[in-house]
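Model, not experiment: these values are computed from the prediction. All chains are named by letter (A, B, ...) in the order of the sequence lines, taking the proteins before the strands, and each is independently numbered beginning at 1.
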Amino acid sequence: MSENTHEDAYLEVTDLQVQFPTADGLVRAVQGLSYSVPLGRTLAIVGESGSGKSVSSMAVLGLHDRKVARISGSIKVGGREIVGMSEKELEGFRGGGAAMIFQDPQSSLHPYFTVGDQIMESYRAHTKVSKRAAKERAIDMLNRVGIPNPKRRVDQYPHEFSGGMRQRAMIAMALVNDPKLLIADEPTTALDVTVQAQILDLIADLQRDFGSAVVFITHDLGVVAEIADDILVMYAGTAVEHGPVKKILAEPLHPYAWGLLESIPALTGDPQPLHPIPGTPPSLLALPSGCPFHPRCEFKDRVPNNHCTTLRPDLIPRTGDLGRTSRCHLKDPDQVFELEVLPRLP
Amino acid sequence: MTATTTAKSGVRSVPGAPLLELDAVKMHFKTKGEGLLARRTQWVQAVDGVDLTVQPGETLGLVGESGCGKSTTARLITRLLEPTGGQIRYQGVDIAHMSDRQLRPYRREIQLIFQDPYSSLNPRHTVGTIVGTALRTHEMVAKSGELKRVQELLELVGLNPEHYNRYPHEFSGGQRQRIGIARALAARPKIIVADEPVSALDVSIQAQVMNLLEELRKELGIAFVFIAHDLGVVRHFCDRIAVMYLGRVVEEGPRDSLYEKPQHPYTQALLSAVPDIGVVRGTPPKNRIRLVGDVPSPVDPPSGCRFRTRCWKAQDICATEDPALIERAPAQQVACHFAEPPAESILAETA
């Protein structure tokens, strides 16, 4: 990551807050999230259920119902501010400049319309072309995402497609308007590994061709290692670690990231006992005081003066390591990782 | 073969027989064709000739992609389904076509854990009732001792025993999966069939539940048939692993030889497709085998070898002759005419 990231960032999220008032109280789903993604790069957002990874990404496309969600902070896409945009402006923005791929292609494609109709509708909403030209475009897109026999397939219904093909069709629909920003929310989680490998290759190829900025939401660190340039680890609505993938997965500095690595069984070597993070993620209605991770953190006693339980740590840059930040009170996380965590990784 | 009956449990057994044996088991579901073929009956060959053996205390992993028949196999072993062919022998006695009444003592010894911790527990029953019903059904304890046993079971799976009067919605996903495990343990089973028991859980919770299953297996000596699509999870938990494709077992063997020297092209493709975090620690990327196309329909599977339509090694013989599952390396059986270990290790070495 270079120093001028901020100037050429295509997506720039600053101090994003997303809250949902409910009968039980205020759900703080995202609190003070900031990140940026330049064109041609992929940012992976990882975290467990309820960490805010999907909620924050839906906010980027203005997908939250404003009657239900309170959103503050700033989200700039290609210089345009999304927070506070009218529904009409958002409609023009979505599908055109930015698009989203979802986890479940089954529920994201309409069962009553042919796959071709749905791709054409998305295309014609943003480009004034004839039906015939739109159909040509749909066939071309199906071909590009690797669907065999696209001329025949374009007139078929979603139920006639297999799971992997439906995911490809959804990607074709998302990319039909050459979006500069693509948000992929667990796009391969519902797929089998061999199909997942095909879809990951496809997203990487398409990104190379279109040069778009990609936000890839996943919980699979193996997928992150293969596809992303940067990684943002989220916990309880905030970023706890952020930076280049190669550095963070090789030498993470936050105890939560350590716990994730220790929970994944290895594919080689003698199986070692796993060392999972104890407990469960906190409720977003009543976040713990201090560091939100402290109730599950085995290193909190290393920090003097009970800082972990009383003081919320800031996301601070790591000295001498450009573009890398972590939210933890530990003084020497690199040494703790090296000496204590690394030896027990699976 | 003469089976002897254990008077107390009502379970018959043949001395020296393996705990569980599937012998050419078939499950063909009847279905109607589409369009012009609507009147013709078709058969979905979900499981088509599966042989498996599980010894007492052993863990057998079943892997494969959607539609390969692994969940159907789980339902056959637990006899939620009656097979259309073959034998399912429990301690040497065929239970494939037993009536519900005859099955009752066997159901106690063969328990099932489900994937979805949300839909497999009755939301209107307390945890105590859920686990207690299992105790009562199998007449495990006297009424007076029921609560005590429920609490013991909750403690065994790492839940607070005082929470017996809470409802499922008061627990998290990982805790609900523990309740499902406690329910299975209530019957003191000899074998547990676990169908994707951790795949609905977050990574850190998944590791907690896997450690729990591991402890129970060591402490109680229960055998497992462990079904999962995550190859890392299966490798972590199982002694032996069978790989399924389109209703058949294509390769089966001890954990290490199967993961390090897989001989069936499908196993090789499957293992090579798993994204590996090792690449960031400087290990060379895997030599990925890319499969083309989709799994064929189980209504009309390809002749001969079922994997041939997607196999890069396929020759004429693959279309005409169905390859048998034969031993190619010690204890490793492969169903392929051209079985051989991979030329170079397809799995990245760990740092």
Any non-hydrogen side-chain atom of [X] less than 4.5 Å from a side-chain atom of [Y]?
X: A:Pro271; Y: B:Arg255; answer: yes
X: A:Leu267; Y: B:Tyr259; answer: yes
X: A:Asp201; Y: B:Arg290; answer: yes

Determine yes or no for a side-chain-to-main-chain donor-acceptor pair under 3.5 angstrom, with [X] supplying the side chain and [Y] the backbone.
X: B:Asn211; Y: A:Leu274; answer: yes
X: A:Gln196; Y: B:Pro275; answer: no
X: B:Asp202; Y: A:Glu48; answer: no

Heavy-atom proximity to chain B below 4.5 Å, by part of [X]:
X: A:Gln198; answer: side chain
X: A:Ser49; answer: both
X: A:Glu262; answer: neither

Highest number of heavy-atom pairs under 4.5 Å with chain B among A:His219, A:Arg296, A:His275 belongs to A:Arg296
For B:His236 against A:Pro265, the heavy-atom pair lying closest together: CB-CB, 3.7 Å
Considering non-hydrogen atoms only, spot the tightest contact between A:Glu226 and B:Asp276 and give its length. OE2-N, 3.3 Å
Is there a donor in the side chain of B:Gln206 and an acceptor in the side chain of A:Ser263, or the other way round, less than 3.5 Å apart? no
